[in-house]
Protein chains: 2
Amino acid sequence: MINSRLSVAIHILSLLAAYPHERLTSEFIAQSVNTNPVVVRRISGLLRKKGLIHTRPGTAGAVIARPPDSIRLLDIYEAVFSDNALFSVHENPNPNCPVGKRIQETLDDTFVRVEEAMKTELANQSLQDITEHLFS
Amino acid sequence: MINSRLSVAIHILSLLAAYPHERLTSEFIAQSVNTNPVVVRRISGLLRKKGLIHTRPGTAGAVIARPPDSIRLLDIYEAVFSDNALFSVHENPNPNCPVGKRIQETLDDTFVRVEEAMKTELANQSLQDITEHLFS
DNA sequence: CCACCTTGTAACAAAAACAGTTACATTTTA
DNA sequence: TAAAATGTAACTGTTTTTGTTACAAGGTGG
């Protein structure tokens with residue numbers, strides 16, 4: 001089971017999308033998510049690096065940087081997981097075994113295809129789809 | 001990043017598929033995977049419950065139970081992850097916030113669709129595809 | 001039939017991953 | 001210039017994952 005960073009990131013962006021004209025502080029967002037403000041700032045930092053939100057040291061609050069219908073869930077996924085692979089492959093299989101020798105490259109190939117399928121679906125859904133569901 | 005149980009499970013089944021007429025012990029398999037025999041027996045137990053392999057207390061070795069082209073990677077995934085959701089959703093968001101109130105059900109919906117896309121691709125690939133790649 | 005080997009499983013241990021927290025330098029602004 | 005917020009490092013507690021020890025119970029071959 002994948003950790004909850006994507007879940008929290010979408011929560012943060014949903015708030016910013018719902019209040020596009022306000023600057024929401026990490027303290028305020030943390031109360032909605034029910035976590036610590038530092039956790040929010042950590043994930044906000046990843047979203048900022050990807051250009052999805054604007055924040056600045058010293059200036060209170062975050063603001064969404066792009067229209068919600070232009071933000072794909074894949075953008076958010078890539079922001080919070082960067083280049084992590086979806087599935088781990090076990091390390092150091094036995095190179096003297098015909099299976100062990102090639103299992104890693106084989107699984108890498110296979111798992112990349114699975115990951116691509118997942119990412120395609122993440123690309124099909126936008127932040128606006130989320131907010132529409134939230135407020136309908 | 002998801003743990004390596006699927007990776008190890010596919011390794012085990014690849015060995016059994018490669019040697020369908022031999023009974024491979026957990027000790028032998030563990031040496032190919034490079035882990036402890038108990039780890040192999042734990043995962044083998046999950047594969048047995050799903051009817052993918054045959055093992056019996058007292059009798060040495062495991063044998064594959066179905067032709068490799070009939071075993072979808074989704075079967076293996078479901079064997080080792082049973083009913084785990086793909087993505088975690090953060091707990092106890094603030095019910096007094098319009099986003100917090102509905103974010104969980106919304107994300108549940110969304111993440112189920114993503115999971116379905118991933119499972120569809122896992123269903124498209126068989127154990128035989130893996131062994132063909134291994135031995136080509 | 002009995003010594004030997006294996007599986008299945010529980011219990012424990014070590015290591016890694018996660019989430020939460022404290023602390024504080026830096027930056028802005030009222 | 002005092003107050004307040006961000007960014008980030010460092011640390012802690014918890015949970016998950018993986019590895020290990022131990023052993024009962026089931027089969028096998030001599």
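A note on names: the letters A, B, ... follow the listed sequences, proteins ahead of strands, and every chain is numbered from 1.
In terms of hydrophobic clustering, with Ile, Leu, Val, Met, Phe, Trp and Tyr side chains grouped at heavy-atom distances under 4.5 Å, Leu73(B) and Val112(A) are assigned to different clusters. Under a hydrophobic clustering in which Ile, Leu, Val, Met, Phe, Trp and Tyr are joined whenever their side-chain heavy atoms come within less than 4.5 Å, directly or via other members, Leu74(B) and Leu86(B) fall into the same cluster.
Counting any heavy atom pair closer than 4.0 Å across all strands shown, Ser26(A) reaches sugar-phosphate atoms only and no base atom.
Between Asn34(B) atom CG and dT18(D) atom C1' there is a gap of 12 Å when expressed in whole angstrom units. To the nearest angstrom, P of dA19(C) lies 12 Å from CG of Leu6(A). Computed from coordinates, the Ile53(B) CD1 to dG8(C) C1' distance equals 12 Å when rounded to whole Å. Residue Leu24(A) contributes atom CG, which lies 13 Å from atom P of dA5(D) at whole-angstrom precision. The distance from atom NE2 of His90(B) to atom P of dG20(C) is 10 Å, rounded to the nearest whole Å. For Arg23(B) and dC5(C), the CZ to C1' distance is 14 Å, given to the nearest whole Å. For the pair Glu91(B) CD and dG20(C) C1', the computed distance is 14 Å after rounding to whole Å. Separating the NZ atom of Lys49(A) from the P atom of dT6(D) is a distance of 17 Å, rounded to the nearest angstrom.
With hydrogens and angles left out, the side-chain atoms of Arg72(B) and Gln125(B) include no donor and acceptor closer than 3.5 Å. Judged by distance alone, the side chains of Ser32(B) and His11(B) do bring a donor and an acceptor atom under 3.5 Å apart.
Nearest nucleotide to the side chain of Thr35(A), out of dT28(C), dG27(D), dG20(C): dG20(C). With distances taken from any side-chain atom of Val39(A) to the nucleotides dT21(D), dG20(C), dG7(D), the minimum falls on dG20(C). Of the listed nucleotides (dT28(C), dG19(D), dT28(D)), dT28(C) has the atom at the smallest distance from the side chain of Thr59(A).
Distance alone, capped at 3.5 Å, places no donor-acceptor pair between the Arg48(B) side chain and the Arg56(B) backbone. Judged purely by atom type and a 3.5 angstrom limit, Ser126(B) uses its side chain to pair as donor or acceptor with the backbone of Asp129(B).
Within the 4.0 Å cut-off from OP1 or OP2 of dT29(C), at least one side-chain nitrogen or oxygen of Arg56(A) is found. Side-chain nitrogen and oxygen atoms of Thr25(B) include none within less than 4.0 Å of the OP1 or OP2 phosphate oxygen of dC5(C). A sub-4.0 Å separation between OP1 or OP2 of dG7(D) and a side-chain N or O of Arg48(A) is present.
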Legend entry - Annotated protein contacts, base or backbone, on nucleotides 9-17 of chain D with a non-hydrogen cut-off under 4.0 Å, one of B, S, - each: BB------S
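Closest-nucleotide positions on DNA chain C for Asn36(A) and Thr55(B) were compared, and the one nearer the 5' end corresponds to Thr55(B).
Residues Glu121(A) and Glu115(B) form no side-chain contact, since every pair of their non-hydrogen atoms from C-beta on lies 4.5 Å or further apart.
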